[in-house]
Amino acid sequence: MDLVHKMMLDANRTGVFLLVNNLLSRNEPFQKELADIFAEARALAGEKSISLKLPEMVPKADRRCEFIETGSAMVSWDGNVFPCNFLWHKFNCYHKTRVVCREIEARTFGNPGKAMVHDIWNDPGGGNRGMNS
């Protein structure tokens with residue numbers, strides 16, 4: 001219980017939404033419905049020869065980032081290089097059981113029109129810059 005309490009304190013201090021009950025419980029009817037929806041989506045994609053990649057239905061213990069694993073980045077229409085597609089624009093993240101909103105800022109590494117891609121990618125402060133940097 002000490003570990004769980006520490007996790008909750010750390011999450012709260014850093015502004016992360018952590019609901020232990022949600023982490024430990026399973027909603028079997030929802031999982032069944034989701035499995036049916038995913039199966040239908042796979043079947044439709046197969047019929048239309050569409051490549052479909054769906055998320056995991058249950059979070060994995062071994063979290064990963066495909067952008068990091070493949071050495072990828074996202075380049076927007078204006079040439080800005082972003083660490084991933086989730087950080088190319090500013091958005092608000094709401095938690096369904098709290099009246100709390102967390103503002104997520106866009107993070108750009110830079111723009112190849114202003115610097116070499118190699119220099120942008122290897123800049124140690126790149127992922128920490130907001131859009132106005």
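Because only heavy atoms are used, hydrogens play no part in the values below, and waters and symmetry mates are left out as well, while side chains stay in.
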Self-check item: Beyond-backbone contact of Glu105 with Arg107, side-chain heavy atoms, under 4.5 angstrom
Solution: yes

Self-check item: Atom pair NZ/CD1 of Lys32 and Ile37 - distance to nearest 0.5 Å
Solution: 10.5 Å

Quiz item: Can you tell if the side chain of Ile104 reaches within under 4.5 Å of the side chain of Leu87, non-hydrogen atoms only?
Solution: yes

Quiz prompt | Within one Ile-Leu-Val-Met-Phe-Trp-Tyr cluster: Phe30 and Leu54, side-chain cutoff 4.5 Å | solution = yes

Practice problem: Mark yes or no for whether Asn111, through its side chain, and Asp78, through its backbone, hold a donor-acceptor pair below 3.5 Å. | Solution: yes

Exercise. Please name the pair of heavy atoms, one in Gly79 and one in Pro112, separated by the smallest distance, quoted to 0.1 Å.
Key: O-CD, 2.7 Å

Practice problem: Check for a donor-acceptor pair, side chain of Thr108 on one end and backbone N or O of Phe82 on the other, with a separation under 3.5 Å. | Solution: no

Quiz item: For Glu28, does the CD atom sit with more than 12 other heavy atoms under 6.0 Å from it, leaving out its own atoms?
Solution: yes

Quiz item: Taking atom CZ of Phe38 and atom CD of Glu33, what is their separation to the nearest 0.5 Å?
Solution: 11.0 Å

Quiz item: Looking at Leu52 and Ala45, what are the two nearest heavy atoms and their distance?
Solution: CB-CB, 3.8 Å

